[in-house]
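The chains referred to below are lettered A, B, ... by the order of the sequence lines, with proteins before strands, and numbering in each begins at 1. Because the structure is predicted, anything quoted here is derived from the model rather than measured.
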Amino acid sequence: MSVVTRFAPSPTGFLHIGGARTALFNYLFAKHHGGKFLLRVEDTDRKRSTDEAIQAILHSMRWLALDWDGAETYQSQSAARHREVAENLVADGKAYNCYCTPEELAEMRENAKNSGGGTRVYDGRWRDRDPSEAPAGIEPVIRIKMPHEGETTIADLVQGNVTKANDTLDDFIILRSDGTPTYMLAVVVDDHDMGVTHAIRGDDHLNNAFRQLHVFEACGWDVPEFAHIPLIHGSDGAKLSKRHGALGVEAYEEMGILPEAMCNYLLRLGWSHGDDETISREQAIEWFDLDSVGRSPARFDMDKLLNLNAQYMKTTDPARMAAGVLVDADAAGITVSPDAEKRLVAGMPGLASRAKNTHELFDLSRLYLVDAPIEMNEKARDNLADPEARQSLNELAELLKKATSWGEDELDGIAREYAESKGLKLGKVAQPLRSALTGSNVSPSIFEVMAVLGRDETLARLEIAAD
RNA sequence: GUCCCCAUCGUCUAGAGGCCUAGGACACCACCCUUUCAAGGUGGAGACACGGGUUCGAAACCCGUUGGGGAUACCA
């Protein structure tokens, strides 16, 4: 049997970081087994679902390269089918109409609380009542009949065997009084109709699985395998919420995180393969399995994400990184000449090893993006205010003009020779040079910068600074 | 309250009863490299929540305690 997994977000906001990991695990599991990964938007709750949220989720899924098979489906479009299933269940005597008022329900909840637990909230008062007793003017809901005795065991692929006493399960609503399905019915029907073989989702659904299991059985359908993965918590161990900072994956995209780094980080949260830390998508597909998913919740650690991001930036193709920088440059209103673009790509390795995110990379890149004259920061101006520094810059410039080649090593040699001839430490020469060429006191190796900048641009910047 | 789940360095984790004097990664500290800043290299500090069992032997298995989390909707 071919594997079919699905990611089923409810479009009430952006793609949550935890949801992204759930999606990733579903994707990886499906790909590992050569199966299909489906996307189903759970917009059953029309009031809370928005089109903006749907677009945001699809955008983030694409950004993370979690490509789903076929077109995404929308749960709300199957409403008629859901209703039909619920009504069939009533006809089969496996579900029934319930005419309770909200007030009666509130009272039951109160009773359940006061009784010290051990009892269901809904007392089943319409479970065996004859339909002829139905009060007029009340649209009923449909409740499913849950078993009252024995226990239910779920063989969860992550959590192991989990058993729950059936008397803790009450007859929950599967169809609302307005004829729309509840989540509990809709997931079951859709998972069945879509041929889902493995339901991999958050831990918070573990309790629901017991309920859904009985819906599957009432319908006479095969029950998919369940795998409930632990939730991601904030740095303080509590459920991830707004006060923990960014929750949506789009926020990380905006922060300058690479999608590969994000996926790698998420993958290692709750899943491991020995001591491996940096894992490519291909490798992840080959290695991923549910056995290696941990059972305890993990905390989100921004530092580690940033570290991983830095590693990916260093190893990603310079041309691609440069393209990202150009986007930032454009947003900042900087026009980049073709020459500058070449410099950017050539200088990328030296830049990328100094940045933690793409925006830092853009900032670092500025020295290559513009042509002389360049902007100077305060430290650079201070450095160049020294007459001796300008003097040495002038002398060095003369030597550089005579350089026969413009490679990093040769430039380094010229500067060293010059410093030695003047009895100066190399730093005495290199720092003013750095200020003159980069407009800053911090930069990649200054000889690398010169090599990347090229003879003309280097000399032009030197001339301006030495004046 | 009740039900369910979880528990190894600050964090993510390795660990399938002897390979554990508990390993790796991030963060932290020191040193090296060095023209600045990073990166990189080397080293350091740092954990099996607690109490009982089981066993010749438990981080690993069982029970309890404590702590954390989740679920208890005509939300998903």
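- Among the atoms of the strands shown, only primed sugar atoms or phosphate atoms (P, OP1, OP2) are found under 4.0 Å from some heavy atom of A/Q159.
- Here the separation of B/C62 from B/U8, taken at their P atoms, is 16 Å to the nearest Å.
- Closest to the side chain of A/E277, out of B/C5, B/C12, B/G24, is B/G24.
- Distance noted for atom C1' between B/C48 and B/G17: 15 Å (whole Å).
- Among the nucleotides B/A73, B/C5, B/G69, the one closest to any side-chain atom of A/V162 is B/C5.
- Residue A/C100 is classed as a base contact, given a heavy-atom separation below 4.0 Å to a base.
- Looking at every heavy atom in both residues, A/E42 comes nearest to A/S49 through O-OG, 4.5 Å.
- OP1 or OP2 of B/A73 sits under 4.0 Å from a side-chain N or O of A/R109.
- Nucleotides B/U34 and B/G24 have their C1' atoms positioned 29 Å apart, rounded to a whole Å.
- Residues passing the ring pair (Phe, Tyr, Trp, His ring centres under 6.0 Å) test with A/W126, sequence neighbours excluded: A/Y99.
- Salt-bridge formation is detected for the pair A/R48/A/D45: a Lys NZ or Arg NE/NH1/NH2 atom is positioned less than 4.0 Å from an Asp or Glu carboxylate oxygen.
- B/A38 and B/G43 are spaced 22 Å apart, taking the P atom of each and rounding to whole Å.
- At a threshold of 4.0 angstrom between heavy atoms, the contacts of A/T163 are confined to the sugar-phosphate backbone, with no base atom among them.
- The nearest whole Å value for the distance from the NE2 atom in A/H228 to the C1' atom in B/G69 is 15 Å.
- Put simply, CG on A/L269 is 12 Å from P on B/A14, counting in whole angstrom units.
- Taking the side chain of A/R143 as heavy atoms from C-beta on, and the options B/A14, B/A76, B/C74, the nearest nucleotide is B/C74.
- Using a 4.0 Å heavy-atom cutoff across all strands shown, A/L231 reaches sugar-phosphate atoms only and no base atom.
- Under the side chain to side chain contact (heavy atoms under 4.5 Å, CB included) test applied with A/I257, the options A/V249, A/T358, A/L306, A/L308 reduce to a single match, A/L306.
- Taking only side-chain atoms of A/V121, from C-beta outward, the nucleotide of B/C74, B/U72, B/A7 with the closest atom is B/U72.
- Rounding to whole angstrom units, CG of residue A/D301 and P of B/G10 are separated by 13 Å.
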Query raised in the report: Yes or no on ring-ring contact (aromatic ring centres under 6.0 Å, His included) for A/Y183 and A/H205, after CA distance, side-chain angles and deciding distance?
Result: CA-CA 11 Å; A/Y183 160 77; A/H205 286 289; 5.6 Å; yes
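- One interatomic measurement links the two molecules: CD1 of A/I17 to C1' of B/C12, which rounds to 15 Å at whole-angstrom precision.
- Considering every non-hydrogen atom in both A/L369 and A/R343, the closest pair reads C-NH2, 4.4 Å.
- Among A/V187, A/L39, A/T73, the one residue that satisfies the side chain to side chain contact (heavy atoms under 4.5 Å, CB included) test with A/R6 is A/V187.
- Nucleotide B/C48 is matched to nothing when pairs are restricted to Watson-Crick or G-U wobble geometry with both distances under 3.5 angstrom.
- Within the nucleic acid shown, A/S177 comes within 4.0 Å of at least one base atom, counting heavy atoms only.
- Partner assigned to B/C31 is B/G41, using Watson-Crick or G-U wobble distances below 3.5 angstrom.
- Toward the 5′ end of RNA chain B lies the nearest nucleotide of A/R268, the other residue of the pair A/R268 and A/D303 mapping further downstream.
- A salt bridge is defined here as a Lys NZ or Arg NE, NH1 or NH2 lying under 4.0 Å from an Asp or Glu carboxylate O, and A/E151 with A/K164 fails to meet this definition.
- Looking at heavy-atom distances under 4.0 Å, A/D276 makes no contact with the nucleic acid at all.
- The partner of B/U66 is B/A7, judged by Watson-Crick or G-U wobble contacts that both fall below 3.5 Å.
- Candidate nucleotides B/A76, B/C26, B/C3 were compared by shortest atom distance to the side chain of A/K164, and B/C3 ranks first.
- Only the C1' atoms considered, B/C28 is 10 Å distant from B/G10, to the nearest whole Å.
- Atom name C1', nucleotides B/U21 and B/C33: the rounded distance is 32 Å, in whole Å.
- Note on A/R295: a side-chain N or O is less than 4.0 Å away from OP1 or OP2 of B/C6.
- Ring geometry for A/Y265 against A/F300 counts as perpendicular: the plane angle is over 60°, on a 0 to 90° scale with 30° as the lower cut.
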Query raised in the report: Given the rule in the ring-ring contact (aromatic ring centres under 6.0 Å, His included) test, do A/F7 and A/F29 qualify, once you have shown the distances and angles that lead to the verdict?
Result: CA-CA 12 Å; A/F7 176 54; A/F29 185 78; over 10 Å; no
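- Between the P atom of B/A73 and the OH atom of A/Y183 lies a distance of 15 Å, rounded to the nearest Å.
- Residues A/L305 and A/A165 both approach RNA chain B. Their nearest nucleotides, taken by heavy-atom distance, put A/A165 toward the 5′ side.
- In this structure, A/R143 forms a cation-pi arrangement with A/Y122, its terminal cationic atom sitting closer than 6.0 Å to the ring centre and no more than 45° off the ring axis.
- If you take CG of A/D204 and C1' of B/A71, they are 9 Å apart, rounded to a whole angstrom.
- Going from atom CD1 of A/I232 over to atom P of B/U11 covers 16 Å, rounded to whole Å.
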Report summary line: Contact string for nucleotides 35-42 of chain B, one letter per nucleotide 5' to 3', B = base within protein heavy-atom range under 4.0 Å, S = sugar-phosphate only, - = neither, reads BBBBSS--
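- When the C1' atom is compared between B/A73 and B/G67, the two are found 29 Å apart, to the nearest whole Å.
- The CH2 atom of A/W287 sits 17 Å away from the P atom of B/U13 (whole-angstrom rounding).
- Comparing the same atom, C1', in B/A49 and in B/A59 gives a spacing of 12 Å after rounding to whole Å.
- Note on A/V141: a base of the nucleic acid sits closer than 4.0 angstrom, heavy atoms only.
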Report all interatomic pairs (protein N or O, nucleotide N or O of nucleotides 61-63 of chain B) with separations under 3.5 Å.
none

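- In terms of phosphate contacts, A/N307 brings a side-chain nitrogen or oxygen within less than 4.0 Å of OP1 or OP2 of B/A27.
- Backbone-only engagement by A/R299 is indicated by non-hydrogen atom pairs under 4.0 Å involving sugar-phosphate atoms exclusively.
- The nearest pair of heavy atoms linking A/V223 to A/L213 is CG1-CD1, 3.6 Å.
- Relative ring orientation between A/F288 and A/F25 is described as tilted, the plane-to-plane angle lying within the 30° to 60° band.
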